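Everything on this sheet refers to the single structure shown next.
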2 protein chains.
Amino acid sequence: MFNFAPEINGKCIMEWSEKQLQILNVAEELFASKGFEGTSVRDIAQKAEVNVAMISYYFGSKEKLLQSLILNRTEQTGLILEGLSHDVKLSPWEKIDKVIDYYVDKILNERNFHAIMNRQISLVQDKKLTEILINVKKRNSSMISEIIHEGQRKKIFRHVNVALTIGTVMGTISQVSMSKPFYCSLLKLDAGDDISYYKKIRPQLKSHLKSLLRAHLSINN
Amino acid sequence: MFNFAPEINGKCIMEWSEKQLQILNVAEELFASKGFEGTSVRDIAQKAEVNVAMISYYFGSKEKLLQSLILNRTEQTGLILEGLSHDVKLSPWEKIDKVIDYYVDKILNERNFHAIMNRQISLVQDKKLTEILINVKKRNSSMISEIIHEGQRKKIFRHVNVALTIGTVMGTISQVSMSKPFYCSLLKLDAGDDISYYKKIRPQLKSHLKSLLRAHLSINN
DNA sequence: ACGTATTAATTAAACGTTTGTTTAATTCAA
DNA sequence: TTGAATTAAACAAACGTTTAATTAATACGT
C-alpha cells in the first residue's frame, strides 16, 4: 500500500501525482453535486478514468480521500493576504473592502469545495475531519477578526459582535453560493447556467457586503 | 400498499398516524446528524422501533420519506406571522425586529430540519425535492421582502438589495446553526452541550441582526 | 550501456457487507 | 370476514475494500 500520513497541522505538504490530482478533482466535483455519502468510489474512478482500486491504493479509504481533498485544497491558503492585516498603509475601511473582495472571489471560485465543507461540518461523522474543518474555518476567519479589532482599537469601528459579524459575511456568501436554485428563482435566472449566475451575482454580492459592513461598523449616529 | 400523494402545492394536508410521526421524527434527527444518504432505513426503523418494511409501506420509499418529512414540517408554517406584514399599527422598524425574533427562534428551534434543507438544496438529486425546497424558501423569505419594500415605499428604509439582504439574514442564522462546532470553538463553549450553546447564542444573534439591519436600512448619514 | 533485481503502478475479479425494497405469511382490528 | 398493520425473510444491486496477478518504471552492479 501507498504509505503517507496526511498530518492535520499542515506541517507536511504532500506531493501529489497527476493521477492523484485527477482523482481529487473528480472527487471534489462529485462530492459537491451528489454529497459525500451519495458518491461511490466507482463513480469517482469511472469519471477520473482510473481503476477503483487506485483510490484505496493512493488514499487508503474513501474517508481519507475526503481528508486528503480538504488538506490539499487548504494547504496553500492564506499566503496572498496574510500581509493585509498588518499593512500600515491601508486604513481599516480599505482593508474591509479588500477582504470582502478576497473572500467573495475565493468562496465563489472554490464553491464546490466550500459546499463540501459547509455540508460536512454540520455532520457528526468523523471527529478528525471535524477538527480539520474547524481549523480551516478559524484560519479563514482570523483575518476579518484582526481587521475589525484593529478598527475598534483605533476607534474607527463600533464595538460589534465580531464572531457574529464574521458569521454574517461568511453566511451571506455561503447562502448565495449554496442556495443557487433559490436565488436563480428569485432573480429569474436560468438555474442551469452557472456562469451567468455567478457573473451577475458576484459584483452585487461584493457591493452589498461592503455597504452592509460600512453601515454596521460605522461609529457615527 | 399505503396510498397517498404528497402534493407539492400543499393543497392536501396529510393526516399522520402516531407511528408515522414517530418515523418522521426519527428520520429528521438522523438525516440531520448523519445526512440523508448516510442514514439507512434500518437505522430509522430500529430507532423508531418499527419494522423496516413499515417505511416502504407508509411512505413508499426513502426518497418519498424525505419529501413527506419536508411537507409535514412546512405545511403549517406562515400562519402565525402572516398578518404581520399587513399590520398597520406597527412601523416597519418594529416589524423588522419582530420578524428577526421570529426567524431566529424558528430556525434555531427547528435546526435539525433546517440543516437537512440547507444540505439538500445544494445537491442536484431529486428535481421534485429541489422544487419543494425552493417554494419553502420563497414562502419563508417573502415576509422579510414585503416589510423591506414597505419601508422603502414609505422612504424609511434605504434602497438596499432586497434579495441579498434576505440572504444575509438567513445566511447569518444558518451559519450559526450549522457551523456550531466552529462557533463553540470560537466562543470557547463545550461543543457537546447543545442547550447551553443555543441559550447563549440566541439572544446575541437576535440583537446582532437587529442592529445590523438598523444600520443597513437606515436612511440617515 | 546492458541485463537484472526491486519497487511502484495498474488491473480484473472477488470479497463480505450493507443497501433499499419486496414478498408472503401472520396478526390485529373493525 | 374483510382489510389494514406488522412481521421475518429473502431479494438483487450497490457498496467500500482487498487480493493476487501483471505491467511499467526505477535502481544498481558490472
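Computed over heavy atoms, backbone and side chain alike; hydrogens, waters and symmetry mates excluded. Since this is a predicted model, take the numbers as computed values, not measurements. Naming: A, B, ... by sequence-line order, numbering from 1 per chain.
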Using 4.0 Å as the upper bound for N to carboxylate O, is an ion pair formed by Glu150(B) and Lys95(B)?
yes

Carboxylate-amine/guanidinium proximity below 4.0 Å for Asp43(A) and Lys34(A):
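A salt bridge links Asp43(A) with Lys34(A).
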
When you look at CD of Gln46(B), are more than 12 heavy atoms from neighbouring residues, nucleotides or ligands closer to it than 6.0 Å?
no

Measure from NZ or CZ of Arg119(A) to the centre of the six-membered ring of Phe36(A) and say whether it is under 6.0 Å with the direction within 45° of the ring axis.
no

Within 45° of the ring axis of Phe182(B) and under 6.0 Å from its six-membered ring centre, is that where the NZ or CZ of Lys137(A) lies?
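Yes; both conditions hold, so Lys137(A) lies above the ring face of Phe182(B).
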
Output the single nucleotide from [options] whose closest atom is nearest the side chain of [X].
X: Val52(A); options: dT10(C), dT17(D), dA10(D); result: dT17(D)
X: Ala53(A); options: dT18(D), dT17(D), dT7(D); result: dT18(D)
X: Ser56(A); options: dT17(D), dA8(C), dA4(D); result: dT17(D)

side-chain N/O [X] vs [N] OP1/OP2, d < 4.0 Å:
X: Tyr57(B); N: dT6(D); result: no
X: Lys62(B); N: dT19(C); result: no
X: Tyr58(A); N: dT10(C); result: yes
X: Ser40(B); N: dT19(C); result: yes

Whole angstrom is fine here: how far is it from [atom1] in [X] over to [atom2] in [N]?
X: Gln20(B); N: dA4(D); atom1: CD; atom2: C1'; result: 12 Å
X: Met54(B); N: dG20(C); atom1: CE; atom2: P; result: 17 Å
X: Ile55(A); N: dT10(C); atom1: CD1; atom2: P; result: 13 Å
X: Gln22(A); N: dA9(C); atom1: CD; atom2: C1'; result: 14 Å
X: Arg42(A); N: dA13(C); atom1: CZ; atom2: P; result: 13 Å
X: Glu49(A); N: dA12(C); atom1: CD; atom2: P; result: 13 Å
X: Phe36(A); N: dC15(D); atom1: CZ; atom2: P; result: 13 Å
X: Gln46(A); N: dA14(D); atom1: CD; atom2: P; result: 12 Å

If you look at every strand shown and take non-hydrogen atoms under 4.0 Å, does Ser17(A) touch a base, only sugar-phosphate, or nothing?
nothing

Would you mind telling me which residue lines up with the more 5' stretch of DNA chain D, Asn51(A) or Asp43(A), judged by nearest nucleotide?
Asp43(A)

